[in-house]
2 protein chains.
Amino acid sequence: MIDHHAASPDMELIVHGPSGRNKPETRLWLRMLSTTRLITNEIRRRLRSQFGATLPQFDLMAQLYREEAGLRLGELSRRTMVTNGNITGLVERLEADGLVKRTTHDQDRRVTVAKLTPAGIDRFLLMAAAHEEWLRELLQDAGDEAVQSLWVNIGYLKASVSAHLSGEEAE
Amino acid sequence: MIDHHAASPDMELIVHGPSGRNKPETRLWLRMLSTTRLITNEIRRRLRSQFGATLPQFDLMAQLYREEAGLRLGELSRRTMVTNGNITGLVERLEADGLVKRTTHDQDRRVTVAKLTPAGIDRFLLMAAAHEEWLRELLQDAGDEAVQSLWVNIGYLKASVSAHLSGEEAE
DNA sequence: CTTTGTTATTTTAAGTTTAAACTATATGGT
DNA sequence: ACCATATAGTTTAAACTTAAAATAACAAAG
């Protein structure tokens, strides 16, 4: 039986109740989280069904596409939100699929550089175009003003959060 | 060497580049996604360090707290964005910690109902209070208007996305 | 040189995730 | 009762995740 309902659209209500009892920050966060998950899951689903790819794979390929010469694995990790140890397996799988090629650096044999293959470039371009179109489709009813306003205000949100992180990673 | 940089604050820029070349919908999505991950990771970190709990555990307990009589596992799955198969292990771990109790339904032996124990209720109340305070702290610089505006506009976003999901789950 | 430290990547262990298959139980039509 | 079908929950397989330890290569100080 097929049954992946992990992100039903009315999630926020179901999950968090009427939510009138929460503080504004909490209400916003619950709504933002549920919306993000809704979109993420939808994109994940489409990437998988239409391209047999996962979201982290797409992220990684987007990075490599941006750097024609390829990137060392540590740099890839930094740019993709994927932890160091995780890059290894991710790149291995992409290499097995012929989308990425690994080469060892000449001067420094510790370094491995990953680079998209021509097939990888083709595949990425297809996925990127679809990804852009999916977002246009999914957000089409929100209105251009809302999209613009959200972009600005989420910027403020992000700045505030960045300034109050507990770890050493605040900039 | 310790090295978990998976969510540095300037992620959006690093990850997605100047992003001026993207369509507004894509730009918004990348910013929204990176901000959500920033907050999620911070809350996950705090839940873990201060309560030894994971985010899915917190979500699940929030649901059970809301329903005094407890919930069947399928209903829990629907309400928590946790897929069916995942509920099993999650509830198992919480039961092992004495925070949740499982009982089999009398009439329908397929059904299992999960319910918070008194210890579970105590624990949840502590976590919920901290969670609310963390959000207030993290979002404090964003401004009340931005928070209010975001709440409204993300509502539109969510409605649009819900209306255009590919699966059968659109309502 | 050789010890000490640093950097790049891989490996490991524990746990989470999704999607799909499986088991057991119930229900409904005949 | 019997069979098809639906439902509740569990299990499985593959991918991903974090955190930490391990390996390997380089760098530099004495």
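What you see is a predicted model, and the numbers here were worked out from it, not measured in a lab. Residue numbers begin at 1 in each chain, while the letters A, B, ... track the order of the sequences.
- In this structure, I43(A) places its CD1 atom 16 Å from C1' of dT18(C), rounding to the nearest Å.
- A residue-by-residue look at T54(A) and R109(A) shows that T54(A) has its nearest nucleotide of DNA chain D further toward the 5' end.
- The residue from R79(B), K115(B), R72(B) that alone fulfils the salt bridge (charged side-chain N to carboxylate O under 4.0 Å, His left out) condition with E67(B) is R79(B).
- If you measure from atom CD of E75(B) to atom C1' of dT7(D), you get 14 Å, rounded to the nearest angstrom.
- Comparing dT17(C), dA19(D), dT10(D) against the side chain of N84(B) picks out dT10(D) as the nearest.
- Between the side chain of T117(A) and the backbone N or O of G98(A) there is at least one donor-acceptor pair closer than 3.5 Å.
- Of the possible polar contacts, none joining the S149(B) side chain to the E145(B) backbone as a donor-acceptor pair under 3.5 Å is found.
- If you check the side chains of K158(B) and S34(A), you find a donor sitting under 3.5 Å from an acceptor.
- If you take CD of Q57(A) and C1' of dT17(D), they are 15 Å apart, rounded to a whole angstrom.
- Proximity of a side-chain donor or acceptor of T36(B) to a complementary backbone N or O of L33(A) within less than 3.5 Å is not detected.
- If you find the closest nucleotide of DNA chain C to G89(B) and to N86(A), the one lying nearer the 5' end belongs to N86(A).
- Between R44(A) and dA15(D) there is no side-chain N or O to OP1 or OP2 distance below 4.0 Å.
- In this structure, T83(B) reaches the dT18(C) phosphate: one of its side-chain N or O atoms is under 4.0 Å from OP1 or OP2.
- Close to dA8(C), at under 4.0 Å from its OP1 or OP2, lies no side-chain N or O of R102(A).
- Checking dA19(C), dT11(C), dT18(C) against every side-chain atom of R48(A), the shortest atom distance belongs to dA19(C).
- dT7(D) atom C1' lies 16 Å from atom CD of Q107(B), rounded to whole Å.
- On a pure distance criterion of 3.5 Å, a polar donor-acceptor pair joins the side chain of R110(A) and the base of dT7(C).
- In this entry the distance linking CG of L73(B) with C1' of dA24(C) reads 15 Å, nearest Å.
- Look at CG on D108(A): it is 17 Å from P on dT6(C), rounded to the nearest Å.
- Each of R72(B) and D106(A) was matched to the nucleotide of DNA chain D holding its nearest heavy atom; the match closer to the 5' end belongs to R72(B).
- In this entry the distance linking CG of L90(A) with P of dA15(D) reads 11 Å, nearest Å.
- One atom, CG of L71(B), and another, P of dG9(D), lie 11 Å apart when rounded to the nearest Å.
- Nearer to the 5' terminus of DNA chain C, by closest-nucleotide assignment, is the contact made by R93(B) (compared with the other of R93(B) and G85(B)).
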